[in-house]
Amino acid sequence: MSIGCREVVVQLFKEETLFIFICLGVALLMFYVCKLNTWTHMEIITKRSFRKMTVDDVMSSIWGELPISARFTSLQNSSSAVHSTARLENPRDQYCVGDTLNVLVEMRDYEGCPKKQGGDFILARIHTPNLQASSSGYVTDLLNGSYRVSFTLFWPGAVRVSLRLIHPSEGVHLLGKISSHNYGKINYTGTFINGSKREESQCGIRLDTDKALCEYRKKEDGEYYACIKPQTLPCSSLQTMSSTNIQPQITVNETELLAQKNTGTQIKMNFTAVKVIGCFVGAHRQTEKCEAGMKSPFPSGYFFTNRWSSPICNFISECDIDRCLKGKRLLLFGDSTVRQWIEYLEKKVSDLKFVPPVDEYSLMLAVDNVRNITVQWKMHAYPFVTAHNVLVNKCMPISRELDRVPAGEGRSDVVVVIGVGQHFRPFPLEIFIQRLINIRQAILRLQARSPRALVVIKLENTRELSSTMTHLSDWLGHIQNLAQRKVFGDLRVALVDAWEMSIAADTFATHPNNIVVASEIAVALSHICHYGGLKL
Ligand SMILES: *[C@@H]1O[C@H](CO)[C@@H](O)[C@H](O)[C@H]1NC(C)=O
Ligand SMILES: *[C@@H]1O[C@H](CO)[C@@H](O)[C@H](O)[C@H]1NC(C)=O
Ligand SMILES: *[C@@H]1O[C@H](CO)[C@@H](O)[C@H](O)[C@H]1NC(C)=O
Ligand SMILES: *[C@@H]1O[C@H](CO)[C@@H](O)[C@H](O)[C@H]1NC(C)=O
Ligand SMILES: *[C@@H]1O[C@H](CO)[C@@H](O)[C@H](O)[C@H]1NC(C)=O
Ligand SMILES: *[C@@H]1O[C@H](CO)[C@@H](O)[C@H](O)[C@H]1NC(C)=O
Ligand SMILES: *[C@@H]1O[C@H](CO)[C@@H](O)[C@H](O)[C@H]1NC(C)=O
């Protein structure tokens, strides 16, 4: 009986065990099936996000972030910096390093009436001149004529706030209107040469003509441009191109709205400076290494003793630049704002010398045989906005240049720097975005071939407040920077935030000074050289 019972129990136990095993098996199977599903699902998502990024996606996500701004009626009804005021939100007697400082702006028009809509384009900074310290601020549009500007207080001292109204919302609206789908702001003249024969004709990205065309590059790859076929010479004899600006048709009052005297004016503040003290003993010290692909915080950094520092990782000092470059190949692709890097390095690194021919419009090469350093700069391909005759065949699309960077599995001596934007400002945004997407695909191909090559994206910096606003306004640069963050944001690249640097430094120069250029280079190189220097 007892045996039988036990047997039954054992039997039961066996059945139970079997049952449990079956259950476990099913659960495990389900777990793996689900897991497999998520894996393949994730893989698909990753692949999709790496493969498919359309111009329309990027365009709509950018316009979705921008408040609709007001139509221009008259200057009196437009936002005016001098009539507007800014004050501290929840003012305190003193602040701690690390605190957030919020400033509220109440925008008014030229008649002093409060604005009811958002859309004004404001650039903000904090600074302490005697410490050579500065940083940029983040502007939140409250959409009712008020703005909240937030700063992170990085250093102790008397910190001043400076807010510039770059364009009133009406100016932003006007810029949006005259820029969208407008290919007619720049006129190109192509020069065709064969032997002693020479002919000129009009060129552009879109030509409004019935005449026969010479077409260059495929239409679908976004690098297309064309010229009206010259009288006798063949299309292949196109040698140079130069450009002139064409003023869009705007009224006298609209011209006034975008005039220099209404651009970049300081907004009145009802306080002078805030007192910031270091409240915590044992100053916060940065120890993390800078890695490509790190999410860029806001603010991405600040100047202190004229050197750019990061809140998240260790930047090398300017003095370590030549040590870091030893044995490296630095390949710079883009406009003259990255040409500044080779010009700076040629002066700074003692044995680095230019190798002729040196052409400031297309190509520069510098070599240091002592430290085995090569630095090369190449201008990006058409479009370039310049009255100079640029040799068209010397400049290749950056995506193609990247495809020519040789594979180097395991080698970490190649640093690729990409800096585009300024020459695209007069063209519709979709042209720029298509170009960025081409570059994005080429970066992914490069990283598949050379996983250890460092890819650096230098964002656009601000430019002169005296620029032709219809063509080159910093608002156009701001939009293009948003596009760059969207297109490159998920890649394993190092971002050099020249936009924030130039706002912090208040430079407003297409070619910023050496303090900014040295900082740009130091940020880039910090992603491959980690010397663990001390800060503050
Ligand atoms: C513009 O300002 C005038 C006063 O100069 C005012 O009468 C008018 O209502 C304003 N228009 C708008 C659209 O706000
Ligand atoms: C604007 O909006 C903010 C946030 O919604 C609000 O706090 C503020 O009082 C508003 N300002 C005006 C002038 O209505
Ligand atoms: C554009 O340039 C062409 C020469 O390439 C010239 O014939 C034409 O008049 C120019 N157009 C304008 C609007 O300046
Ligand atoms: C220049 O002209 C010659 C003779 O007409 C022709 O063979 C050659 O292909 C032309 N060169 C270019 C670059 O078009
Ligand atoms: C231009 O502005 C002036 C002064 O604000 C105004 O009197 C005039 O009507 C405006 N002209 C046009 C065409 O809007
Ligand atoms: C600045 O303006 C705000 C709001 O009008 C006011 O509360 C504050 O007292 C002013 N501060 C100074 C220093 O005048
Ligand atoms: C110089 O650097 C290159 C890579 O840029 C490397 O292939 C070469 O071996 C180096 N030569 C010397 C002498 O170190």
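No experiment lies behind these values; they were computed from the predicted model shown. We count ligands from 1, going down the list as the structure has it; atoms in each ligand are counted the same way.
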Asker: Has the side chain of Asn182 got a donor or acceptor atom that lies under 3.5 Å from a matching backbone atom of Ile178?
Answerer: yes
Asker: Which residue and non-hydrogen atom of the protein lie closest to atom 4 (C) of ligand 3, and at what distance in Å?
Answerer: Thr189 OG1, 3.7 Å
Asker: Can you sort out which atoms of ligand 3 are near Tyr188, meaning under 4.0 Å from one of its heavy atoms?
Answerer: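 Contacts of ligand 3 toward Tyr188, numbered from 1: 5 (O).
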Asker: Testing Val338, Thr337, Leu459, Ile398 one by one against Val420 for a side chain to side chain contact (heavy atoms under 4.5 Å, CB included), which residue passes?
Answerer: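 Among Val338, Thr337, Leu459, Ile398, the one meeting side chain to side chain contact (heavy atoms under 4.5 Å, CB included) with Val420 is Ile398.
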Asker: List the closest protein heavy-atom neighbour of atom 14 (O) of ligand 4: residue, atom name, distance to the nearest 0.1 Å.
Answerer: Ser236 OG, 2.9 Å
Asker: Can you pull out the closest protein heavy atom to atom 3 (C) of ligand 2? Residue, atom name and distance to 0.1 Å, please.
Answerer: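 So the nearest neighbour among protein heavy atoms is Asn144 ND2, 3.6 Å.
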Asker: Look at atom 7 (O) of ligand 2 and say whether a protein heavy atom is found at less than 4.0 angstrom from it.
Answerer: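 Not a single protein heavy atom is under 4.0 Å away.
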Asker: For Arg160, does the CZ atom sit with more than 12 other heavy atoms under 6.0 Å from it, leaving out its own atoms?
Answerer: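 No, the 6.0 Å shell around CZ holds no more than 12 heavy atoms from other groups.
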Asker: Measure the distance from atom 9 (O) of ligand 4 to every protein heavy atom, then report the residue, atom name and distance (to 0.1 Å) of the closest one.
Answerer: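 Of the protein heavy atoms, Asn194 ND2, 4.9 Å lies nearest.
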Asker: For Pro234, take its heavy atoms, then give the atoms of ligand 4 lying under 4.0 Å from any of them.
Answerer: 14 (O)
Asker: If we ignore angles and hydrogens, is there a donor and acceptor under 3.5 Å between the side chains of Glu401 and His380?
Answerer: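 No, no side-chain donor-acceptor pair sits under 3.5 Å.
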Asker: For atom 10 (C) of ligand 3, what's the nearest protein heavy-atom neighbour? Residue, atom name and distance, please.
Answerer: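 The closest heavy atom on the protein side is Asn187 ND2, 2.4 Å.
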Asker: In the protein, which heavy atom is nearest to atom 13 (C) of ligand 2, and how far is it?
Answerer: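 Among all protein heavy atoms, the one nearest atom 13 (C) of ligand 2 is Ser146 OG, 4.0 Å.
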Asker: Looking only at the aromatic ring of each residue, does the gap between the centers of Tyr188 and Tyr225 stay below 6.0 angstrom?
Answerer: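 So the answer is no for these two rings.
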Asker: Would you tell me whether Gln231 and Glu199 have side-chain atoms, one donor and one acceptor, within less than 3.5 Å of each other?
Answerer: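 Looking only at side-chain atoms, Glu199 and Gln231 do not form any donor-acceptor pair under 3.5 Å.
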Asker: When Tyr302 is tested against each of Phe151, Phe154, Trp308 for ring pair (Phe, Tyr, Trp, His ring centres under 6.0 Å), which residue passes?
Answerer: Phe154
Asker: How does Ser201 reach ligand 3, if at all, at less than 4.0 Å between non-hydrogen atoms: by side chain, backbone, both, or neither?
Answerer: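 The answer is the backbone.
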Asker: Which one holds for Thr244 and ligand 3: side chain close, backbone close, both close, or neither close, with close meaning a heavy atom under 4.0 Å?
Answerer: neither
